[in-house]
Number of protein chains: 2
Amino acid sequence: MRPIKPIKPVKLDAKERILDVAEELFANASFASVSVRAVTAQADVNLSAVNYYFGSKQGLFHAVYVRRATLMNHERLHLLHMASEMAKASGEDVSLRDLINAILTPPIFWLYDEKQGYSVYIRFLARSYLEDANNLKDVLSQEVDVFDRFVPYFKKIKPNLTKEDIYWRIHFVMGVMHHTINHLHRIGLLSHNVCNGGDREEARDRMVDFCCNGF
Amino acid sequence: MRPIKPIKPVKLDAKERILDVAEELFANASFASVSVRAVTAQADVNLSAVNYYFGSKQGLFHAVYVRRATLMNHERLHLLHMASEMAKASGEDVSLRDLINAILTPPIFWLYDEKQGYSVYIRFLARSYLEDANNLKDVLSQEVDVFDRFVPYFKKIKPNLTKEDIYWRIHFVMGVMHHTINHLHRIGLLSHNVCNGGDREEARDRMVDFCCNGF
DNA sequence: TGGCGTTTGAAACATACGTTTTAAACGCTA
DNA sequence: TAGCGTTTAAAACGTATGTTTCAAACGCCA
């Protein structure tokens with residue numbers, strides 16, 4: 001039933017298409033409930049392609065993760081760096097708001113980014129936190145490294161807090177973020193459609209406000 | 001180390017044992033990755049029992065939920081009621097801390113309750129938030145009803161907040177809670193074992209502090 | 001004790017899954 | 001064009017799954 005076949009097929013790489021589809025499906029359902037067949041069918045690719053390119057279903061999952069993992073944490077560190085430079089120039093400390101901003105802005109802005117598929121990735125990432133920890137050891141360790149870079153700044157602003165306090169509060173900030181990401185659509189139900197969560201600046205600012213005060 | 005064994009074999013109902021095991025397995029892994037066979041084997045029950053008692057695997061999942069669902073929300077409303085009575089007696093408003101407390105204390109205390117299996121249920125509940133929304137329509141609506149009872153109290157304490165503000169902040173409080181429940185073990189990794197998250201009062205108080213300030 | 005509704009036991013069924021296999025088709029370089 | 005490594009195609013394999021079946025065992029009440 002195909003129409004006239006074009007000379008050059010305007011298709012992305014099969015590998016890339018598989019990653020896109022897998023990202024989307026894994027973002028919306030658990031690892032076990034997403035079948036390789038569903039991925040390959042939706043990516044318009046042969047069933048064996050997944051095992052060919054990625055070795056296994058697990059390999060595919062991991063590949064989806066690593067494709068964009070470091071980029072987001074680099075964005076965080078970049079925001080931290082910029083805030084640090086600005087503060088240095090004006091002779092002040094980095095503000096608490098800057099720190100929270102640097103942690104929350106990349107994921108929440110990605111969440112609303114429809115074009116490049118980052119939105120899907122963020123939901124994928126948030127969901128994958130609940131999968132078996134084996135798949136995600138390197139996910140964790142990378143994020144831990146990033147937050148370690150933030151701790152001294154928190155400590156400088158709030159010298160009376162212990163490291164324990166700071167870790168707990170970073171943990172809560174992550175909680176606000178993950179829950180917002182996973183259940184953003186639910187704010188409508190909770191509020192009887194008073195809130196809609198459609199504006200990324202609003203969501204970001206509300207989260208940042210809440211977390212700054214919480215800290 | 002049980003004392004003398006009574007004459008009647010002290011086995012729980014098969015039905016109850018299935019629910020206990022399913023609760024535990026569903027708390028630790030996704031719906032699709034938990035097999036009926038794993039449940040029945042661990043519950044020391046025949047394979048067909050699940051379909052006999054609950055009709056289907058989905059039915060079992062739903063039964064696990066409904067077994068303790070209303071109780072927790074009743075505890076929340078009870079705490080709200082008590083705080084309201086105390087406040088009335090002293091002629092004051094219910095404090096913000098009382099409200100946050102009433103929302104967070106039941107789940108977080110259940111989380112640390114080893115004896116009655118409530119701990120497992122709380123993790124089951126938090127995880128089930130990420131499963132397909134179809135299974136959980138009544139979960140949501142019940143929780144929404146409970147929080148609606150809280151809104152007027154928030155409004156009275158913070159009259160300058162809009163309803164929208166309040167719903168967003170309740171949403172964030174839930175985020176802190178769910179993330180803490182799902183990733184409590186992770187606070188150790190994040191903090192390089194500075195924090196351990198072993199004390200329910202500490203966890204509760206830290207969450208309440210954070211959320212009170214955030215509000 | 002006898003009878004009957006309820007519960008359990010063991011096996012089988014049909015299906016969906018991840019993975020493997022084998023050969024054909026493709027794309028590039030010599 | 002010939003040759004060869006890479007990619008795709010289609011089918012099959014073995015296994016695990018949810019569910020059904022049907023007879024045996026049980027528990028209770030007359």
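Quick note on labels: first sequence line is chain A, next is B, and so on, each numbered from 1. Just so you know, these numbers come straight off a predicted model, no measurement behind them. The figures that follow rest on heavy atoms only: side chains count, while hydrogens, waters and symmetry mates do not.
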Length of the line joining [X]:[atom1] and [N]:[atom2], which is rounded to integer Å:
X       : N      : atom1 : atom2 : result
A:Leu60 : C:dT19 : CG    : P     : 10 Å
A:Asn51 : D:dA11 : CG    : C1'   : 15 Å
B:Asp44 : C:dT7  : CG    : C1'   : 15 Å
B:Phe54 : D:dT20 : CZ    : P     : 16 Å
A:Arg17 : D:dT8  : CZ    : P     : 8 Å
B:Asn46 : C:dT8  : CG    : C1'   : 6 Å
B:Leu47 : C:dA10 : CG    : P     : 12 Å
B:Lys57 : D:dT17 : NZ    : C1'   : 8 Å

Next item on the list: Could you tell me whether A:Phe215 and A:Phe154 have their ring centroids closer than 6.0 angstrom?
Entry: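 They qualify: ring centres under 6.0 Å apart.
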
Checklist line | salt_bridge(A:Asp20, A:Lys15) N-O dist < 4.0 Å | finding: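 Salt bridge between A:Asp20 and A:Lys15, a charged N being under 4.0 Å from a carboxylate O: no.
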
Any idea which of [options] is nearest the [X] side chain?
X       : options               : result
B:Ser56 : D:dT19, C:dT8, C:dG18 : D:dT19
B:Tyr52 : D:dT6, C:dT19, C:dT8  : C:dT8
A:Arg37 : D:dT17, D:dT8, C:dG18 : C:dG18

Next item on the list: Heavy atoms only: give me the nearest B:Ala29-B:Arg127 pair and the separation to one decimal.
Entry: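 Reported closest heavy-atom pair: O-CD, 3.3 Å.
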
Looking at every strand, decide which applies to [X] at a 4.0 Å heavy-atom threshold: base, sugar-phosphate, or nothing.
X       : result
B:Ser48 : base
A:Val34 : sugar-phosphate
A:Tyr53 : sugar-phosphate

Check: Can a side chain N or O of B:Ser35 be found less than 4.0 Å away from OP1 or OP2 on D:dT17?
Finding: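 Yes.
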
Next item on the list: Just say parallel, tilted or perpendicular for the rings of B:Phe26 and B:Phe61, cut-offs at 30° and 60°.
Entry: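 The arrangement is perpendicular - the two ring planes meet at more than 60°.
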
Check: In terms of ring plane angle, is the pair B:His171 and B:Trp168 parallel, tilted or perpendicular, where the classes change at 30° and 60°?
Finding: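 Ring orientation, 0 to 90° scale: perpendicular.
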
Item checked: 5′-ward residue of the pair A:Ser33/A:Gly55 relative to DNA chain C ->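 Its nearest nucleotide lies further toward 5', so the answer is A:Ser33.
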
